[in-house]
Chemist: 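Below is a structure I'd like to ask you about.
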Amino acid sequence: MDFWIDAVREKFPALSLTDKGRRRIYLDNPAGTQVPQAVTDAVSGCLLATNANLGGFFETTVAAQEIVDEAHLAMADFLGAASPQEIVIGANMTTLTYHMSRTLGRTMKPGDEIVLTRMDHEGNVSPWLQLAEDLGLVVRWLPFGQQSWQVEEAALAALLSERTRLVALNYASNLTGSINRVKSLTRIARQAGALVYVDAVQFAPHGLIDVQSLGCDFLICSAYKFFGPHMGILWGRLDVIDALKPYKCRCSSSALPERLELGTPQIELMAGLSAAVDYFAELGAAAGAQASRRQKITKAFEVSIAYENPLALQLIDGLSDIAGLTIHGIIDPKRINERVPTVSFTVEGIVPETIVRQMNAENIFLWSGHNYAWEIVRQLGIPAEQGVVRIGIAHYNTSAEIDETLASVHRVIAMLRQERS
């Protein structure tokens with residue numbers, strides 16, 4: 001099925017903006033995507049018409065509660081959750097993970113073990129490291145395979161013991177783009193009696209998540225990475241989160257998920273969150289899905305993956321013929337389904353920031369640095385203060401944009417090498 005890219009791009013006002021007549025190419029998507037008009041309309045509509053706190057009996061507070069309830073329902077559909085009670089919405093992934101780590105810390109004691117990977121974003125590392133320091137826990141480090149670019153099942157199994165209480169891992173890397181086999185890794189960890197906490201921030205914009213099928217205990221993602229407002233969403237298995245005693249105000253609700261959501265909710269952003277989920281549903285409906293919102297979301301990812309993967313291959317192929325350039329991640333076309341379209345590289349003798357600054361000056365938006373994938377660059381021996389050049393594709397990007405970006409990469413590298421000679 002053809003992907004109707006022009007119709008998709010029309011939904012995103014930012015894609016038509018120019019700077020002094022120069023087009024923008026948004027390839028900074030792993031750090032945050034642009035949003036469709038429906039999301040901004042929902043946020044502003046909430047602020048204008050239903051701006052109130054919760055718990056009252058007048059029109060705006062009742063309407064605000066409906067927005068909050070709908071956001072939880074929408075994310076239950078997006079993640080395949082069994083109930084909206086399993087959905088916890090908060091400020092961002094890192095804040096939610098810190099909160100959950102302290103809550104789970106109440107169930108742990110000195111000498112208990114936690115497993116962290118060398119592949120994760122620091123938001124799924126530092127909260128657990130600091131918890132271990134506070135409680136006297138033992139940290140077991142799990143490297144990724146530098147041939148597969150994934151966390152290997154045998155390596156995880158070798159680290160587990162009867163003292164393992166938690167395994168924190170990621171679904172997809174924000175630097176290499178590699179997708180982990182979360183379902184099989186979770187099965188191994190659960191067999192050892194450990195809880196599994198999955199960071200799906202980078203996977204969520206690019207693939208369908210089914211938390212019930214994965215078998216993990218927690219999964220977290222960020223709406224601003226999948227075309228929504230800046231907030232984090234945590235799914236927790238109902239029987240697991242219901243047994244937890246979170247840090248909260250004494251007089252706040254003890255119901256789920258409220259007891260895990262601190263303070264007044266970001267109601268206007270929740271309106272935007274529902275609109276972002278509905279954007280996926282509309283995409284699926286346009287592709288022919290006609291049943292539930294979940295089924296439409298499923299179809300949306302089917303067509304967007306089929307569109308994104310050739311763009312990723314186009315980018316990888318165009319970078320691979322540059323002498324001295326190393327792509328850090330899966331490059332085999334036969335394994336394209338084992339990565340998201342985030343491609344990072346280094347060039348021998350050239351600092352990544354110098355490449356990015358030149359390309360940014362051409363209004364091509366992308367990042368350099370470690371991008372909080374601190375353990376990855378350390379395992380690969382890349383200087384953390386330099387990191388990589390990172391290009392991240394979303395399903396609103398075009399083949400023409402990739403061509404233009406590749407031409408810029410070639411031109412900038414040649415220029416920098418000329419300056420060095």
Side-chain angles (χ1 to χ4, degrees), residues 26-33 90-102 114-133 139 141-144 146 149-151 166-180 182 197-206 218-226 228-234 327-329 339-346 351-353 355-357 360 365-394:
Y26 296 92
L27 291 169
D28 57 331
N29 299 299
T33 53
N92 51 63
M93 175 271 181
T94 303
T95 299
L96 281 172
T97 301
Y98 267 104
H99 178 42
M100 188 54 63
S101 71
R102 271 51 195 169
I114 58 176
V115 175
L116 307 179
T117 86
R118 301 284 187 193
M119 190 173 166
D120 271 81
H121 183 282
E122 196 64 15
N124 202 28
V125 175
S126 283
W128 309 110
L129 280 180
Q130 292 159 15
L131 179 71
E133 182 179 357
V139 176
W141 284 103
L142 177 59
F144 58 92
Q146 288 181 223
W149 294 99
Q150 296 163 316
V151 171
L166 178 114
V167 175
L169 56 91
N170 66 354
Y171 210 142
S173 168
N174 75 317
L175 190 145
T176 68
S178 304
I179 299 172
N180 280 320
V182 172
Y197 191 98
V198 177
D199 172 6
V201 169
Q202 290 299 318
F203 185 79
H206 304 292
F218 303 93
L219 182 140
I220 194 160
C221 57
S222 297
Y224 72 105
K225 303 296 177 73
F226 58 82
H230 198 287
M231 58 195 331
I233 304 96
L234 172 74
I327 296 173
H328 301 284
R339 60 142 49 245
V340 297
T342 296
V343 180
S344 296
F345 65 87
T346 52
V351 175
E353 184 179 322
I355 298 172
V356 167
R357 281 184 175 273
N360 287 170
F365 303 163
L366 63 159
W367 288 98
S368 64
H370 56 69
N371 296 297
Y372 281 74
W374 207 34
E375 291 297 332
I376 291 182
V377 297
R378 291 175 69 180
Q379 180 173 327
L380 295 177
I382 298 170
E385 68 276 10
Q386 295 186 10
V388 299
V389 177
R390 185 179 70 176
I391 301 175
I393 295 168

Chemist: What residues form a salt bridge (Lys or Arg N to Asp or Glu O under 4.0 Å) with Glu122, not counting sequence neighbours?
Modeler: none
Chemist: Compare every heavy atom of Gln202 with every heavy atom of Ala172, then report the nearest pair and how far apart it is.
Modeler: O-CB, 3.5 Å
Chemist: Would you check, one step at a time, whether the test side chain to side chain contact (heavy atoms under 4.5 Å, CB included) holds for Leu234 with Met100?
Modeler: CA-CA 9 Å; Leu234 172 74; Met100 188 54 63; 3.3 Å; yes
Chemist: Can you sort out the partners of Asp28 under side chain to side chain donor-acceptor pair (under 3.5 Å), two or more places apart, ordered by chain and number?
Modeler: none
Chemist: How about CD on Gln379, more than 12 heavy atoms from neighbouring residues, nucleotides or ligands closer than 6.0 Å, or not?
Modeler: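 Counting other residues, nucleotides and ligands, CD of Gln379 exceeds 12 neighbours.
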Chemist: Under the salt bridge (charged side-chain N to carboxylate O under 4.0 Å, His left out) rule, what pairs show up with a residue in residues 376-387, not counting sequence neighbours?
Modeler: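 Qualifying pairs: Glu375-Arg378.
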Chemist: Going by the rule side-chain contact (heavy atoms from CB on, under 4.5 Å), which residues pair with Ser173 if we only count those two or more places apart in sequence or in a different chain?
Modeler: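 In terms of side-chain contact (heavy atoms from CB on, under 4.5 Å), with neighbours along the sequence ignored, Ser173 is linked to Met119, Asn170, Leu175, Thr176, Ile376.
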Chemist: Please enumerate all residues that pass side chain to side chain donor-acceptor pair (under 3.5 Å) together with Ser222, with sequence neighbours excluded.
Modeler: none
Chemist: Could you pull out all residues at least two apart from Phe365 that satisfy ring-ring contact (aromatic ring centres under 6.0 Å, His included)?
Modeler: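 Phe365 satisfies ring-ring contact (aromatic ring centres under 6.0 Å, His included) with Tyr26 once adjacent residues are dropped.
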Chemist: Is Glu353 reaching over with its side chain to a backbone N or O of Gly369, donor-acceptor style, under 3.5 angstrom?
Modeler: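 No, because the side chain of Glu353 does not come within donor-acceptor range (under 3.5 Å) of the backbone of Gly369.
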Chemist: With sequence neighbours excluded, tell me which residues meet ring-ring contact (aromatic ring centres under 6.0 Å, His included) with Tyr197.
Modeler: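 For Tyr197, the residues satisfying ring-ring contact (aromatic ring centres under 6.0 Å, His included) (neighbours in sequence not counted) are Trp128, Phe218.
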Chemist: So which atom in Leu96 and which in Gly90 form the shortest heavy-atom distance, rounded to 0.1 Å?
Modeler: CD1-N, 3.8 Å
Chemist: Kindly give the heavy-atom pair with the smallest separation between Gly387 and Ile382, and that separation in Å.
Modeler: O-CG2, 3.4 Å
Chemist: The criterion is side chain to side chain donor-acceptor pair (under 3.5 Å); which residues satisfy it with Thr342, sequence neighbours excluded?
Modeler: none
Chemist: List for me each residue that meets side chain to side chain donor-acceptor pair (under 3.5 Å) alongside Ser101, sequence neighbours excluded, and say none if there are none.
Modeler: none
Chemist: Going by ring-ring contact (aromatic ring centres under 6.0 Å, His included), name the residues that satisfy it together with His121, two or more places apart in sequence or in a different chain.
Modeler: Tyr372
Chemist: Counting distance only, does the side-chain N/O of Asn180 pair as donor-acceptor with the main-chain N or O of Val182 below 3.5 Å?
Modeler: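 It does not hold such a pair.
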Chemist: Tell me every residue that passes side-chain contact (heavy atoms from CB on, under 4.5 Å) with Ala200, counting only those two or more places apart in sequence or in another chain.
Modeler: Tyr171, Ile209, Leu219
Chemist: When you measure from the side chain of Asp199 to the backbone of Asn124, do you find a donor-acceptor pair of N or O atoms at a distance under 3.5 Å?
Modeler: no
Chemist: Validate the cation-pi geometry between Arg118 and Trp141: distance from NZ or CZ to the six-membered ring centre under 6.0 Å, angle to the ring axis within 45°.
Modeler: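 So Arg118 does make the cation-pi contact.
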Chemist: Answer whether the closest heavy-atom distance between the side chains of Cys221 and Met93 falls below 4.5 Å.
Modeler: no
Chemist: Would you please test Val151 and Leu169 for side chain to side chain contact (heavy atoms under 4.5 Å, CB included) and show each step?
Modeler: CA-CA 9 Å; Val151 171; Leu169 56 91; 5.8 Å; no
Chemist: Heavy atoms only: give me the nearest Thr346-His328 pair and the separation to one decimal.
Modeler: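 Distance-wise, the nearest heavy atoms are OG1-NE2, 2.8 Å.
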Chemist: Taking side-chain contact (heavy atoms from CB on, under 4.5 Å) as the test, write out the residues that go with Glu133, two or more places apart.
Modeler: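 With sequence neighbours excluded, Glu133 shows a side-chain contact (heavy atoms from CB on, under 4.5 Å) to no residue whatsoever.
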Chemist: Minimum heavy-atom separation for Lys225 to Thr33, with atom names?
Modeler: O-CG2, 3.3 Å
Chemist: Looking at Asn29 and Ile393, what are the two nearest heavy atoms and their distance?
Modeler: ND2-C, 3.8 Å
Chemist: Evaluate side chain to side chain contact (heavy atoms under 4.5 Å, CB included) for Val388 paired with Asn371, printing each intermediate quantity in order.
Modeler: CA-CA 8 Å; Val388 299; Asn371 296 297; 4.2 Å; yes
